[in-house]
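Notes follow the structure.
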Amino acid sequence: MRTHLLGIPELTRTPAVAVVIDVLRAFSVAAWAFAGGAERIVLASSEDEALELKGRHPGWLALKDGPPAPGFDAVNSPAMLALHDLPGRTIVQKTTSGTVGALAVADARLLLCASFVVAGATARLLRERGAQEVTFVVTGEEGRAEEDRACAEYIGRCVESPEVDAEPYLRRARDSRWAASLAQGARQGLPGIHPDDVRLCLQADRFPFAMVARREGALMVLRPVSAPVTPAR
Ligand SMILES: O=C(O)[C@H](CS(=O)(=O)O)OP(=O)(O)O
Ligand SMILES: [Mg+2]
């Protein structure tokens with residue numbers, strides 16, 4: 001499988017197959033939300049759109065990154081999201097990097113959103129779909145975020161090999177600038193960051209599903225899709 005790692009500003013055309021990576025924290029949060037029973041996640045293009053959707057659908061749960069904000073129910077923290085009643089819920093998510101990256105490749109034929117916790121399942125789905133060429137959108141730090149690059153490289157290796165040691169990739173993510181920044185934010189008690197967030201994000205293959213984004217009417221919707229276990233190439 002041929003792979004390309006591109007930052008959001010480097011996207012000049014829509015790839016046929018795109019895997020949008022945001023380890024810290026948007027697509028780890030999304031995975032934990034599905035594991036907690038959430039039905040779907042609507043990827044909003046702006047905070048205003050998220051609030052407008054929430055206004056029209058009061059049962060939806062509006063989530064944004066940064067500190068808690070008026071009108072929003074949740075923050076972009078896997079640990080704090082677990083405190084909400086999630087089964088069957090629709091979440092509207094807007095973050096600085098992850099959701100922006102997904103919407104930048106919304107017209108891809110196959111669009112997956114991924115992080116370490118769904119990495120193995122993402123690789124299995126790519127293998128099942130016979131992907132020959134994949135563009136990984138490295139959402140953090142304009143394509144330089146080490147936690148996202150490590151995750152992309154791990155998924156790429158998992159497509160090709162039956163057994164890949166996740167530890168070197170996780171170590172790169174643990175040593176990343178944004179992991180350190182979140183850990184420091186947690187120590188300082190900054191709102192919107194929980195001390196368990198980095199640990200919850202940096203677990204390889206925790207969940208058996210991949211996450212597929214598709215247009216559903218006017219909305220871009222992310223849903224979990226079970227990924228069958230198939231032999232590596
Ligand atoms: O909430 C996060 O961890 C980040 C915030 S920022 O982009 O680093 O300012 O958002 P995300 O879109 O999940 O990377
Ligand atoms: Mg990020």
Side-chain angles (χ1 to χ4, degrees), residues 5-11 18-34 38 41-47 49-50 61-69 72-84 91-106 111-119 122 136-155 169-170 172-203 211 213 220 222:
L5 271 64
L6 297 178
I8 297 171
E10 296 170 308
L11 292 165
V19 180
V20 184
I21 308 285
D22 193 344
V23 172
L24 299 172
R25 293 169 288 176
F27 297 142
S28 299
V29 168
W32 278 97
F34 290 133
I41 295 177
V42 175
L43 304 173
S45 60
S46 66
E47 292 181 15
E49 186 196 10
L61 196 148
L63 181 162
K64 71 178 271 306
D65 59 358
F72 284 87
D73 308 286
V75 291
N76 196 36
S77 153
M80 292 192 227
L81 191 61
L83 304 174
H84 291 266
I91 296 172
V92 187
Q93 186 182 31
K94 165 70 180 86
T95 72
T96 305
S97 304
T99 58
V100 173
L103 293 172
V105 289
L111 170 49
L112 307 179
C113 295
S115 58
F116 274 108
V117 290
V118 294
T122 302
F136 289 97
V137 181
V138 174
T139 61
E141 299 176 41
E142 304 196 332
R144 292 186 302 277
E146 192 61 11
E147 71 278 11
D148 293 338
R149 297 188 73 87
C151 184
E153 290 169 24
Y154 177 60
I155 292 170
Y169 300 92
L170 289 169
R172 285 167 58 191
R174 277 195 296 270
D175 291 344
S176 69
R177 203 184 67 83
W178 191 240
S181 178
L182 283 172
Q184 187 186 25
R187 279 193 299 274
Q188 293 171 338
L190 294 186
I193 302 174
H194 189 281
D196 290 340
D197 281 351
V198 171
R199 180 182 62 79
L200 293 175
C201 294
L202 301 189
Q203 302 177 15
M211 302 190 296
M220 199 65 195
L222 188 63

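Atoms within a ligand are numbered from 1 in the order they appear, just like the ligands themselves. These numbers were taken from a predicted model, which means no experiment stands behind them.
Note on Leu24: counted as a metal contact of the Mg ion (ligand 2), an N/O/S atom lying under 2.8 Å. In summary, Asp148 places no N/O/S atom under 2.8 Å from the Mg ion (ligand 2), failing the contact criterion.
Side chains of Arg149 and Leu5 form a contact here, defined as non-hydrogen atoms less than 4.5 Å apart. Annotation: side chain of Cys201 is in contact with side chain of Pro78 (closest heavy-atom distance under 4.5 Å). Within the 4.5 Å cutoff, the side chain of Trp178 has no heavy atoms near those of the Val23 side chain. Residues Asp175 and Glu147 fail the side-chain proximity criterion, which asks for heavy atoms closer than 4.5 Å. Residues Met220 and Leu111 meet the side-chain proximity criterion, which asks for heavy atoms closer than 4.5 Å. Within the 4.5 Å cutoff, no side-chain heavy atoms of Cys151 are placed close to those of Tyr154. Residues Thr139 and Ile21 form no side-chain contact, since every pair of their non-hydrogen atoms from C-beta on lies 4.5 Å or further apart.
Of the protein's heavy atoms, Arg25 NE, 2.8 Å lies nearest to atom 3 (O) of ligand 1. Nearest protein neighbour of atom 10 (O) of ligand 1, counting heavy atoms only, is Asp65 OD2, 3.2 Å. In terms of protein heavy-atom proximity, atom 14 (O) of ligand 1 is nearest to Asp22 OD2, 2.8 Å. Ranking the protein heavy atoms by distance from atom 12 (O) of ligand 1 puts Thr95 OG1, 2.6 Å first. Here the protein heavy atom with the shortest distance to atom 8 (O) of ligand 1 is Trp178 CZ2, 3.1 Å. Regarding atom 9 (O) of ligand 1, its nearest protein heavy-atom neighbour is Thr96 OG1, 3.9 Å.
The two residues Pro67 and Val75 have their closest heavy-atom pair at C-CG1, 4.0 Å.
Within the 4.0 Å heavy-atom criterion, neither part of Val29 lies near ligand 1.
For Asp22, the N, O or S atom closest to the Mg ion (ligand 2) goes by the atom name OD1.
For the pair Asn76 and ligand 1, the shortest N or O to N or O distance falls below 3.5 Å. Distances between N or O atoms of Leu24 and those of ligand 1 include at least one value under 3.5 Å.
The shortest separation from a heavy atom of Phe27 to ligand 1 is not under 4.0 Å, leaving the residue out of contact.
Proximity to Ala26 (heavy-atom distance under 4.0 Å) selects the following atoms of ligand 1: 13 (O).
Side chains of Ser97 and Asp22: no donor on one and acceptor on the other come within 3.5 Å.
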